[in-house]
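In the text below, chain A, chain B and the rest are named by the order of the sequence lines, each starting its count at 1. Note that the coordinates shown come from a computational prediction; the quantities given were computed from them, not determined experimentally.
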Number of protein chains: 2
Amino acid sequence: MNDLKSKSTIYDVAKLAGFSPATVSLALGGSPKIKESTKEKIRDAAGKLKYQPNFLARGLVKQETKTICLIIPDNLNPVFAEITQGVEHFAYGRGYSIILCITNEDAQREKFYLEIMRNNRADGLLVFPTFFQVVQEEALKLKASGIPFVIVGRRIEGMDSDYVAIDLESGGYKAADFLIKLGHKKIGIIYGVANPDLGKSRLEGFKRAFLENGIHFRTDFVKGCGYRIHDGYKVAKELLSDKDRPTALFAINDLLAIGALKAVRELGLKVPADISIVGFDDIEFASYSDPPLTTVSLKEKEMGKAAVEMLIDRIENTSAGGRHGAILIEPELIVRDSCAKII
Amino acid sequence: MNDLKSKSTIYDVAKLAGFSPATVSLALGGSPKIKESTKEKIRDAAGKLKYQPNFLARGLVKQETKTICLIIPDNLNPVFAEITQGVEHFAYGRGYSIILCITNEDAQREKFYLEIMRNNRADGLLVFPTFFQVVQEEALKLKASGIPFVIVGRRIEGMDSDYVAIDLESGGYKAADFLIKLGHKKIGIIYGVANPDLGKSRLEGFKRAFLENGIHFRTDFVKGCGYRIHDGYKVAKELLSDKDRPTALFAINDLLAIGALKAVRELGLKVPADISIVGFDDIEFASYSDPPLTTVSLKEKEMGKAAVEMLIDRIENTSAGGRHGAILIEPELIVRDSCAKII
DNA sequence: CTGATTGTTTATATCGTTTTGACAAAGCCT
DNA sequence: AGGCTTTGTCAAAACGATATAAACAATCAG
């Protein structure tokens with residue numbers, strides 16, 4: 001009866017309802033110029049044919065896709081998984097879909113995504129940068145093309161654009177200050193350095209706390225590695241198996257800290273009695289590890305929401321020239337049970 | 001000099017290079033009919049204008065988007081986060097982008113996404129179903145519209161479509177059989193039941209093991225809840241604070257198991273000496289918990305890859321009528337340190 | 001010098017919408 | 001009745017690419 005064999009177009013609906021395509025478009029769009037009775041007939045026909053307006057055709061004429069592109073380094077890290085979840089959620093709330101690009105911490109891929117997304121596939125971009133230089137370069141092209149974008153998560157020094165970020169330097173400072181106040185002087189740092197841009201701010205804040213407290217900062221206690229649990233495990237073992245070992249560890253993210261926790265257990269040491277540990281990010285697991293982890297909250301949810309709102313406002317208020325939007329969120333130290341006073 | 005003020009079209013490139021738009025299209029497409037020297041000029045012009053072909057216009061005429069839509073329940077659960085990561089990775093490898101839809105375990109939203117995605121936004125769909133009935137209904141419309149889709153992760157009884165799934169029943173059986181062989185008879189089950197379709201297969205497999213071993217299955221030890229860590233924590237406390245308490249716990253996913261681990265610790269009991277725990281999914285954290293968790297591996301990576309390949313093959317071999325593709329992966333019991341023999 | 005052949009380029013139709021301005025029909029007012 | 005709104009519908013022109021068939025030039029054979 002109905003030709004359900006293939007996609008139906010506005011012409012099919014028009015023919016079935018006995019009106020022109022223009023009328024169908026108006027009617028389904030809810031225009032007040034169309035008589036209620038014909039709207040009814042058209043809705044009926046559209047229903048029968050299970051009509052869905054072609055996204056591409058509509059996008060082409062309306063010059064919008066109701067889509068935003070989210071670029072992140074890694075969806076396995078709960079931090080980004082949560083950002084993704086939040087972004088999707090709030091975008092959905094405002095009628096946008098999201099297209100997800102995972103760079104896998106590869107500069108080529110980050111560049112590729114930023115490049116290709118100038119092709120009208122999305123109305124705007126949310127970028128969690130990995131390689132600052134790549135992002136900075138591509139951002140210029142995006143600006144030239146007039147595509148709105150918001151930098152999320154990190155502030156790129158000397159770059160003039162919208163951003164929603166966390167004050168990572170301050171977070172590093174808080175972590176170090178906390179440990180120092182507990183009496184720790186020998187603090188090992190598990191430092192993800194696959195990419196030099198990333199841990200830098202946290203480390204700088206960390207150093208500042210040492211400086212302000214008049215304590216010597218031992219660079220031999222800083223050990224670089226990747227960003228996954230296993231890396232933290234490995235590096236913690238190295239740091240702790242030395243006879244002159246640290247009394248506390250600061251991991252640049254919670255995954256590394258969780259790896260470190262396991263390393264400490266395996267070495268027969270106790271957290272926090274023997275070794276104090278501070279993480280960074282406050283992922284959900286941080287409060288379920290044994291012991292629950294003292295860490296610095298990244299407030300991903302807040303960040304995701306703010307970024308989406310900022311981007312969509314930019315997209316929809318085409319007027320919005322003027323200054324760029326800037327939100328710098330202050331991280332918070334979450335004290336749990338993984339640190340102890342030194343005696 | 002260059003008008004970098006806004007997006008440039010194929011017409012701009014044509015004018016700058018001194019050829020027609022048709023020639024530009026052919027040239028950039030690498031057609032052998034175009035002289036090398038003019039290709040050169042056209043590439044130059046395109047480069048100067050930073051030209052990117054309009055995705056919407058191209059999609060409209062080519063009837064393809066090189067995009068696939070992935071629908072999952074929840075990106076905070078590492079299982080889905082990993083699926084997402086894998087899908088994105090392999091899709092990228094074959095030149096596809098992914099648009100991510102998170103239903104948040106809401107039937108309305110699942111329906112909405114399945115509905116809207118018939119609008120030519122994507123060339124195909126990957127669906128990790130939450131509400132089987134919703135999916136089954138919408139699948140009919142998708143089929144009618146001729147849009148390829150693959151059901152991922154779970155097999156829907158009596159539904160004729162492509163799928164890549166795990167044999168969850170068998171997984172449940174393996175978990176139970178393992179505990180029974182260790183001598184456990186009183187096994188508490190932490191059962192996520194926000195949606196009745198989800199844990200069912202695992203539970204059935206579990207029951208079968210009891211039946212085959214001739215042990216009475218105590219339904220009062222089955223406790224429903226949500227799917228997050230916190231739920232596992234709460235339910236485990238309930239189950240264990242009774243005087244007639246189980247000697248082992250089976251959690252329907254690893255998040256719940258990790259919550260249970262914390263509950264056991266807080267009750268002053270030891271895993272596995274006092275209580276054995278088996279999880280399900282084998283998320284990365286399962287091997288970093290204390291103690292490392294015995295669990296059933298879901299092989300998400302394998303699953304994600306197989307699903308993408310199957311879908312893209314469907315999309316590209318338009319011919320591929322015939323029978324549907326079906327892959328049922330056998331889950332594997334991963335034995336770590338969270339279970340002990342009963343004495 | 002004509003006609004066929006080959007090699008390049010271009011005009012034109014198309015994809016499926018939305019959006020104007022035009023137009024016919026109907027209603028109201030002198 | 002004739003003019004003037006008002007109301008409801010539609011024809012036609014975008015949007016920016018690709019694909020096809022036709023046009024044009026240059027080369028070659030007879």
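Atom CD1 in B/Ile42 sits roughly 12 Å away from atom P in D/dT18 (whole-Å rounding). If you measure from atom CD1 of A/Ile34 to atom P of D/dT7, you get 13 Å, rounded to the nearest angstrom. For the pair B/Glu36 CD and C/dT9 C1', the computed distance is 16 Å after rounding to whole Å. What separates NZ of B/Lys35 from P of C/dT10 is a distance of 11 Å, to the nearest Å. One interatomic measurement links the two molecules: NZ of B/Lys41 to P of C/dT9, which rounds to 8 Å at whole-angstrom precision.
Within the 4.0 angstrom heavy-atom criterion, only backbone atoms of the sugar-phosphate kind lie near A/Phe19; the bases stay farther away.
With salt bridges taken as basic N to acidic carboxylate O contacts below 4.0 Å, one links B/Glu115 and B/Arg118. Classification of B/Glu64 and B/Arg58 as a salt-bridged pair fails, no side-chain N sitting under 4.0 Å from a carboxylate O. At a threshold of 4.0 Å, the pair A/Lys143-A/Glu138 does not count as salt-bridged, since none of the basic side-chain nitrogens sits closer than that to a carboxylate oxygen. One finds no salt bridge joining A/Glu309 and A/Arg314 here, because no Lys/Arg side-chain nitrogen approaches an Asp/Glu carboxylate oxygen to under 4.0 Å.
Taking the six-membered ring where tryptophan is involved, the planes of B/Phe112 and A/Tyr92 are perpendicular, since the angle between them exceeds 60° and thus also 30°.
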Open item on the list: Across nucleotides 12-23 of chain C, 5' to 3', mark each nucleotide with B, S or - according to how protein heavy atoms within less than 4.0 Å reach it.
Closed with: ---BBBBB----

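Put simply, the side chain of A/Asp313 never gets that close to the backbone of A/Met310: no donor and acceptor are under 3.5 Å apart.
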